[in-house]
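What you are looking at is a predicted structure, and each value in this text was computed from that prediction instead of being measured. Numbering of residues begins at 1 and proceeds along the displayed sequence.
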Amino acid sequence: MLSFRKKNGREAAASAVQIRTPGTHPFGMLAGYVPLHSGEGRLYRAVREAVPVVNAAIDKITRLSGGVSAACADKGAERALNEFLRTVDTGRGQRGIESFLTAYLDSMLTYGRAVGEIVLAGRRDIAAVLCGDVSCIEIREGLSPLDFELCSWAEGGALRPLPYQELLLFTPFRPEPENPYGVSLLRSMPFLTDILLKIYNAIGQNWERAGNVRFAVVYRPQGDMPGLSGAKEKSEQIASEWAAAMQSGKNGQVRDFVAVGDVDIKVIGADNQVLDSETPVRQIIEQLVAQTGIPPFMLGLSWSSTERMSAQQADILTSEITAIRRSLEPAVERICELWLRLHGYGGRARVVWEDINLQDETEEARAELYRAQAEKLRAESGKGGRA
């Protein structure tokens with residue numbers, strides 16, 4: 001039962017969290033571990049490998065979401081911090097916070113969550129910022145939704161919390177009440193991807209059968225043949241000559257096939273009608289592309305008569321990228337503020353993103369011209385009014 005103390009004649013607000021997981025049995029701590037489903041992650045990675053348009057869409061989202069810097073009240077600290085963000089080691093031969101955010105966001109979109117680590121160089125500097133593998137991480141929830149720990153598997157198979165939780169970065173993507181630790185951008189794609197791959201596989205089999213032309217050579221013996229033995233010898237001779245003619249064609253030589261008697265040659269499968277796959281494939285790819293939020297023509301898909309991005313499409317894509325950047329901001333802020341503390345600077349750092357540029361340079365120049373003309377007209381009208 002919660003008790004409230006009066007302060008200055010007023011009741012103090014309770015600081016306890018009301019939504020918590022109740023204990024159910026003596027081994028209730030086992031229910032605190034949340035599996036992050038590494039098998040599901042392998043499925044999403046397979047979707048990206050199987051459908052290039054999905055992989056291209058995620059790559060474009062990660063590139064468009066980049067461009068980050070920091071702003072501080074102390075301009076000296078701001079310059080030093082931005083230099084750190086530009087040159088920080090991110091592992092595997094990479095440098096700069098942009099390379100870290102690319103891998104971090106790629107993991108967040110694909111698996112629904114991303115994990116990183118800040119590596120210290122002693123107690124006075126940050127040596128590196130690394131992106132981790134979410135399949136090696138499990139989560140243990142605390143007594144309230146505000147408390148959780150990142151854990152890994154020990155050598156004996158036990159799950160142990162990682163020792164320095166304050167140096168770990170964890171970001172869920174689009175968390176839900178049922179999935180508080182994020183869901184993948186590809187969550188709804190495996191079913192449609194399976195249908196799409198069946199269509200592509202059938203197309204490949206049909207082209208293997210019909211595209212690589214096979215012939216049926218039918219020899220009908222005439223009525224004056226002496227017997228079945230003569231027909232057999234004749235058919236074997238025709239088969240041998242036909243095989244020789246086909247082999248000559250593979251070697252780039254032209255060789256005619258001449259037969260005596262009633263010989264009929266047909267292409268196997270020429271009369272069969274191949275199903276039209278354009279409509280179902282387009283419908284499925286439309287669903288996959290719509291989930292990513294990328295305009296189709298940016299992925300090389302010409303589905304409309306216009307080739308230029310409309311203002312509505314630009315606004316929608318800008319909103320999507322802005323929302324993704326908001327998810328990344330807490331991780332970047334933690335890195336920046338830890339660097340400031342380690343170097344003795346006070347205050348906080350504000351994350352500044354570069355403007356999202358989705359329009360043509362010509363359109364931007366024309367807009368700048370219109371703004372200059374409007375300013376000139378306003379200035380002239382103001383002078384005329386004062387006169």
Side-chain angles (χ1 to χ4, degrees), residues 35-66 90-94 98-116 130-138 152-153 170-176 179 181-209 211 275 277-303 317 320-321 323-324 327-328:
L36 297 184
H37 309 295
S38 58
E40 186 176 301
R42 289 193 295 269
L43 174 63
Y44 295 144
R45 179 59 62 178
V47 170
R48 292 187 58 176
E49 294 177 0
V51 186
V53 69
V54 175
N55 186 65
I58 293 180
D59 287 342
K60 289 187 180 298
I61 291 174
T62 56
R63 287 197 295 270
L64 290 173
S65 301
T90 56
R92 299 172 180 86
Q94 301 293 315
E98 294 290 343
S99 60
F100 165 76
L101 289 179
T102 298
Y104 197 77
L105 180 56
D106 185 277
S107 174
M108 191 173 73
L109 297 176
T110 304
Y111 304 113
R113 58 196 66 89
V115 62
L130 306 178
C131 183
D133 185 3
V134 295
S135 63
C136 302
I137 299 297
E138 298 290 342
S152 64
W153 298 98
F170 181 81
T171 304
F173 181 66
R174 295 178 181 174
E176 301 173 347
N179 301 285
Y181 298 104
V183 294
S184 171
L185 181 68
L186 314 179
R187 178 174 58 170
S188 59
M189 293 188 182
F191 171 69
L192 295 175
T193 301
D194 181 50
I195 299 176
L196 183 65
L197 295 180
K198 287 180 181 177
I199 295 175
Y200 284 157
N201 186 50
I203 292 174
Q205 291 179 348
N206 289 334
W207 275 100
E208 184 179 355
R209 294 171 181 171
L275 295 177
S277 61
E278 181 178 358
T279 300
V281 167
R282 174 173 172 173
Q283 290 177 348
I284 294 174
I285 293 182
E286 283 177 350
Q287 297 293 325
L288 299 180
V289 172
Q291 177 69 8
T292 64
I294 297 292
F297 71 88
M298 293 185 65
L299 302 172
L301 303 173
S302 300
W303 289 342
L317 182 56
E320 291 287 339
I321 296 174
I324 292 174
S327 301
L328 295 174

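Inter-residue side-chain proximity for V281 and Y200 is flagged as met; some heavy-atom pair is nearer than 4.5 Å. Counting heavy atoms from C-beta outward, M189 and L196 have side chains that stay 4.5 Å or more apart. Side-chain contact between L317 and L64 is present, with heavy atoms from C-beta onward closer than 4.5 Å. In this structure the side chain of M108 never reaches within 4.5 angstrom of the side chain of V134, judged on heavy atoms.
Atom CD1 in I58 sits 5.5 Å away from atom CG in L185 (nearest 0.5 Å). Here CG of N55 is found 11.0 Å from NZ of K60. Values are rounded to the nearest 0.5 Å. Interatomic distance, R174 CZ to S327 OG, rounded to the nearest 0.5 Å: 8.5 Å. To the nearest 0.5 Å, the span separating OH on Y104 from OG1 on T171 amounts to 2.5 Å. Rounded to the nearest 0.5 Å, atoms CD1 (I195) and CD (Q287) are 10.5 Å apart. Here I284 contributes atom CD1 and I199 contributes atom CD1; the two are 4.0 Å apart, rounded to the nearest 0.5 Å.
Side-chain atoms of N179 do not come within 3.5 Å of backbone N or O of Y181 as any donor-acceptor pair. Using modelled atom types, one side-chain atom of R113 and one backbone atom of G182 make a donor-acceptor pair closer than 3.5 Å. Formation of a donor-acceptor pair under 3.5 Å by the S65 side chain with backbone atoms of I61 is found in this model.
Remark: E286 engages R282 in a salt bridge, criterion side-chain N to carboxylate O under 4.0 Å. A salt bridge between R63 and D106 is absent, with no side-chain N of the basic residue lying under 4.0 Å from a carboxylate O of the acidic one.
Residues passing the salt bridge (charged side-chain N to carboxylate O under 4.0 Å, His left out) test with D59, sequence neighbours excluded: R48. The side chain to side chain donor-acceptor pair (under 3.5 Å) test applied to T90 returns S99, not counting sequence neighbours. Listed by chain and number, the residues in a salt bridge (charged side-chain N to carboxylate O under 4.0 Å, His left out) with E176 are R187 (sequence neighbours excluded).
Summarising the geometry of S107 relative to A114, their closest heavy-atom pair is OG-CA, 3.9 Å, with the distance given to 0.1 Å. Across G66 and E98, no two heavy atoms sit closer than the pair CA-OE1, 3.5 Å.
For the side-chain contact (heavy atoms from CB on, under 4.5 Å) with S184, the qualifying choice from Y111, F173, Y44 is Y44, the only one to do so.
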